[in-house]
Amino acid sequence: MEYIQGIVKAIIFHSEENSYTIIKIKVTDSSEQLNLFVFDDTDYVTVTGYFPVPMRGEEIKFFGTFKEHSKYGLQYVVKNYEKLSDTSIPGLIEYLSSDLFKGVGIKTAERIVNHLGKDTIQQVLDDKNVLEGVPKLSSKLIDVIHQGLIDNKAAEHTLIQLYGYGITPKMAIKIFQFYQNETIAIIQQNPYQLIYDIEGIGFERADIIAKSLGFEDDHPLRIKAMIMYLYQLMGINYGHTFLYKDQLLDYLDSALNKRQFLVEREIIETYLQELIDEKILYIDDDVIKLGSIQYAESQIISRVKQAISQDEDEVDKKTIDNLIKLFESRDDIVFTTLQKQAIHKAISSNLFILTGGPGTGKTTVINAIVFVYAKYHQIPITYNDPLFEIKLIAPTGRAAKRMNEATNIYAETIHRFLGYGFDGKFIHNKENLVDADVIIIDEASMIDVFLASQLLQSIPDDTKIIIVGDEDQLPSVGPGQVLKDLIDTDMVDYVKLNTIHRQAESSKIIDLAYDVNHGRIPRDMNDVFDDRMFVSEQVPNFTNRLISSVTYLQNQGYDLIEDIQILIPMYKGSTGIDYVNKTIQEQFNTNNENTLEHGDRIFKIGDKVIQLTNQIEDQIMNGDQGIVVGITSEDQVVVDFFGNEVVYKKGDLINLKHAYAMSIHKSQGSEYKVVIMPVFKTYSIMLKRKLLYTGITRAKEKLIVMGDIRAFEYGVTRIEEERQSTLKDDIVAVVLTKEEVTTKDISSLDIRHLDLPFDTFGESLGTLSPYDFMDEEKE
């Protein structure tokens with residue numbers, strides 16, 4: 001088979017969704033007649049195909065053919081590949097540029113290794129003065145490197161091997177901290193164990209390591225890892241908390257054997273049973289769950305049962321009424337009967353849910369609950385005080401900030417409230433309860449079963465729990481529909497507000513939200529209002545219209561970073577998030593003096609960005625938004641997340657994307673002064689009623705819907721599929737039959753990542769499936 005062999009010089013592009021990669025290599029050998037392609041010693045060859053992102057400096061043999069691309073010219077299209085180089089050189093560079101050696105970036109590390117070679121470490125340990133011959137290396141950095149090598153001698157060999165597998169420095173350190181001196185032995189025995197033990201390692205990364213170690217496509221450990229991966233793809237990506245056995249088997253059979261026959265259905269069922277026997281999966285009759293989901297739901301059920309079984313607080317209703325009147329007088333408002341009922345229920349119930357759409361006064365009712373409860377129990381209201389006995393919490397930083405701005409009561413994220421630490425563990429749990437008289441949880445529709453479980457089991461029995469949310473918004477990204485299930489039990493006290501508050505009566509944004517929620521298109525959809533407009537536009541002119549709209553809004557005094565948010569359902573295509581981000585950046589961020597290129601993205605100072613994974617060590621979470629405030633000479637990007645500055649080395653930029661445009665899912669819990677929401681037929685697979693409703697309700701002052709009115713109508717008519725969940729029925733069964741939650745055998749389940757909100761084994765699954773990583777052709 002024809003081949004081309006060379007050293008990787010640059011990574012041009014790599015897709016996390018399907019592993020499509022574009023690189024440039026310096027050719028060292030080839031079966032092709034390269035002179036036919038006007039090739040000489042100074043040229044690099046562009047290589048494209050579906051393969052794991054390599055490391056710079058690696059030597060790889062690629063099997064494939066040269067093809068002429070109509071736009072990008074001559075490219076080598078890969079069908080298969082074989083790594084040749086000793087990964088100690090690129091691994092060594094990654095090691096020296098890791099956080100273990102402060103101030104040493106990738107360029108400095110390359111200069112050191114190029115000067116000293118493969119035995120760099122031993123040379124420096126023997127005599128640090130050998131570093132004096134490295135260009136541009138200060139005496140201070142020489143001391144840092146020498147001392148760092150001494151301090152990390154025990155981990156050195158392991159980390160370099162991990163870097164050789166393409167694992168980022170931060171992830172390599174996390175793996176070593178978990179496995180210690182057994183790291184390499186465990187990985188070589190079963191690289192797929194990383195999926196279960198290490199947050200941030202998913203199937204793709206584990207499979208890359210396994211392939212480099214010689215694991216075949218049909219290896220039992222690989223098939224079992226695929227089964228778990230596909231369970232996530234089929235179940236968790238749709239928000240299900242369980243799958244029926246036949247439903248899962250049918251899907252596994254078709255997916256595993258889609259491109260090539262890999263395994264018999266009987267063998268798949270055998271492996272599935274092994275995962276059940278190993279207590280990784282839980283089965284009850286025909287229902288299969290992750291062990292961690294079964295455990296999480298049991299904790300929710302137990303706490304809910306305790307709350308609704310406990311007698312309500314005896315309160316003087318007349319005094320409560322008087323305090324409500326005092327609040328009305330103070331804030332010059334008049335509550336509806338339903339709002340007053342909500343305040344009474346919140347004060348007396350142990351567990352209470354307040355729900356309702358935008359403009360129904362949920363925030364005002366929260367304010368009143370805080371005021372009335374504090375006055376009734378003679379608790380001084382101390383504004384913006386973290387020690388105040390009434391705690392306000394929300395799933396995201398933006399939602400917590402919005403809560404604080406609306407109430408002047410200190411608010412924080414659920415993770416911060418529960419003490420989510422650098423080690424990925426929560427300080428508060430069932431053994432170490434939080435301290436609070438009342439806990440008010442906002443934006444509860446975003447909370448999945450894992451976070452709900454961690455929160456509820458950390459709350460004392462005598463603490464009042466008030467849950468607030470809009471059940472008509474998109475459900476949580478993670479599994480379950482906790483808010484909906486709790487309401488649907490009809491056993492938890494709740495009030496659904498349905499009257500538009502007077503301040504919102506004139507809002508055409510809220511009018512549209514309610515029409516969409518009820519499956520209607522308003523007659524005035526095409527009319528232009530101060531706060532809402534529909535801009536009819538076709539795809540070819542979308543970019544120009546978007547740019548002119550943003551320019552107009554800026555001229556009206558709106559800030560692109562702080563005030564304007566573009567919300568789009570999909571990432572790909574000329575109307576997708578990725579293209580729009582690139583377009584907006586090119587047009588509106590002209591700061592080109594200091595930039596850093598990573599894959600298909602260019603980072604500039606002033607860019608609006610979003611974090612894509614939980615990064616515990618830096619106290620930032622998936623979905624946090626920030627601003628690029630610095631780019632260093634060592635290819636590092638500095639991002640400011642609401643006062644928390646985080647430094648990204650080049651290898652870590654895979655976790656960072658631009659956020660001029662973002663997904664509607666990522667926007668949950670946030671509000672923006674202006675929302676621009678494109679809607680085109682190209683989004684049709686995603687266009688559904690709750691998605692549009694959620695996007696509309698993110699707009700506070702102005703909403704611009706731009707695109708095809710027929711696509712918008714199509715989305716309004718489509719209802720999301722129901723999530724598969726047993727939580728509602730299990731709560732009802734436990735309460736009505738008075739059975740104990742512990743009757744189900746959960747004590748021996750293998751609970752993975754119990755302290756973490758579900759994160760699809762650490763990686764965004766996107767459109768990936770295991771057959772994307774199989775060789776299409778075998779020699």
Side-chain angles (χ1 to χ4, degrees), residues 8-24 46-48 51-56 71-72 97 105-107 166 168-171 200 204 543 546-547 550 560-561 565-568 570-613 615 618 620 622-641 646-663 666 763-764 766-768:
V8 178
K9 290 295 182 180
I11 314 296
I12 306 302
F13 173 78
H14 175 69
S15 169
E16 285 298 303
E17 292 190 2
N18 60 12
S19 288
Y20 182 72
T21 304
I22 304 173
I23 63 173
K24 286 189 179 292
T46 300
V47 176
T48 71
F51 52 89
V53 60
M55 297 177 66
R56 286 175 294 175
K71 184 176 181 181
Y72 298 108
S97 62
I106 194 78
K107 292 178 181 177
T168 63
K170 286 184 179 179
M171 184 59 68
E204 181 189 15
T543 300
L546 179 63
I547 291 171
V550 172
L560 177 59
I561 303 299
Q565 185 61 59
I566 304 166
L567 299 180
I568 303 178
M570 298 183 73
Y571 281 88
K572 302 304 176 187
S574 60
T575 60
I577 294 170
D578 292 339
Y579 182 82
V580 169
N581 270 322
K582 185 177 180 181
T583 299
I584 296 297
Q585 183 203 45
E586 289 174 352
Q587 185 69 29
F588 295 100
N589 188 349
T590 57
N591 189 350
N592 296 313
E593 292 183 5
N594 197 9
T595 65
L596 179 61
E597 187 171 346
H598 182 263
D600 61 336
R601 284 169 262 169
I602 298 174
F603 292 95
K604 304 179 182 180
I605 293 175
D607 274 341
K608 184 178 183 179
V609 293
I610 187 169
Q611 174 70 15
L612 301 178
T613 61
Q615 202 160 304
D618 294 313
I620 51 174
N622 186 354
D624 284 352
Q625 292 184 42
I627 309 296
V628 175
V629 294
I631 296 175
T632 73
S633 59
E634 291 290 351
D635 286 350
Q636 296 175 333
V637 174
V638 184
V639 180
D640 181 3
F641 292 95
V646 177
V647 177
Y648 291 78
K649 292 197 172 182
K650 200 164 187 178
D652 299 322
L653 290 174
I654 195 171
N655 296 325
L656 202 64
K657 267 197 171 186
H658 294 93
Y660 301 105
M662 62 189 292
S663 71
K666 290 280 189 185
E763 292 177 346
S764 174
T767 58
L768 285 174

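The first residue of the sequence shown is numbered 1, and numbering continues consecutively from there.
Annotation for G606 and N589: closest pair C-ND2, 3.7 Å, computed over non-hydrogen atoms. Closest of all the heavy-atom pairs between L656 and F603 is O-CZ, 3.7 Å. Across all non-hydrogen atoms, the minimal contact from H598 to I654 is CE1-N, 3.7 Å. Contact detail for L653 and R601: the closest heavy-atom pair is O-NH1, 3.6 Å. When all heavy atoms of Y579 and S574 are compared, the pair lying nearest together is CD2-O, 3.1 Å.
Taking a cutoff of 4.0 Å between a charged side-chain nitrogen and a carboxylate oxygen, D578 and K572 qualify as a salt bridge.
In this structure, CD1 in I610 is found 9.0 Å from CZ in F641, a value given to the nearest 0.5 Å. Here the CD-CD1 distance, from E586 to I547, works out to 9.0 Å after rounding to the nearest 0.5 Å. To the nearest 0.5 Å, atom OG1 of residue T583 and atom CZ of residue F588 are 10.0 Å apart. Put simply, NZ on K657 and CG on N581 are 8.0 Å apart, with the number rounded to the nearest 0.5 Å. Note: L596 CG to I605 CD1 = 11.0 Å, rounded to the nearest 0.5 Å.
Within the 4.5 Å cutoff, side-chain heavy atoms of I584 are placed close to those of L560. Contact annotation: the side chain of I566 approaches that of V580 to within less than 4.5 Å [non-hydrogen atoms, C-beta and beyond].
Judged by distance alone, the side chain of K608 and the main-chain N or O of I561 form a donor-acceptor pair under 3.5 Å. Although no hydrogens or angles enter the test, the distance criterion places a donor-acceptor pair under 3.5 Å between the side chain of Q565 and the main chain of A659. Judged purely by atom type and a 3.5 angstrom limit, N655 has no side-chain atom pairing as donor or acceptor with the backbone of L612. For D640 (side chain) and G626 (main-chain N/O), no donor-acceptor pair under 3.5 Å exists by modelled atom type.
Applying the side-chain hydrogen bond (donor to acceptor under 3.5 Å, both in side chains) test to Q585 and every residue at least two apart in sequence or in another chain returns D607, H658.
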>> Pair I568, T575 - check side chain to side chain contact (heavy atoms under 4.5 Å, CB included), show working.
In response: CA-CA 8 Å; I568 303 178; T575 60; over 6 Å; no
> Under the side chain to side chain contact (heavy atoms under 4.5 Å, CB included) criterion, do L567 and M662 qualify, and how do the steps go?
Replying inline: CA-CA 5 Å; L567 299 180; M662 62 189 292; 3.7 Å; yes
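Each of T590, T595, N592, N594 was checked for a side-chain hydrogen bond (donor to acceptor under 3.5 Å, both in side chains) with K604, and the lone residue meeting it is N592.
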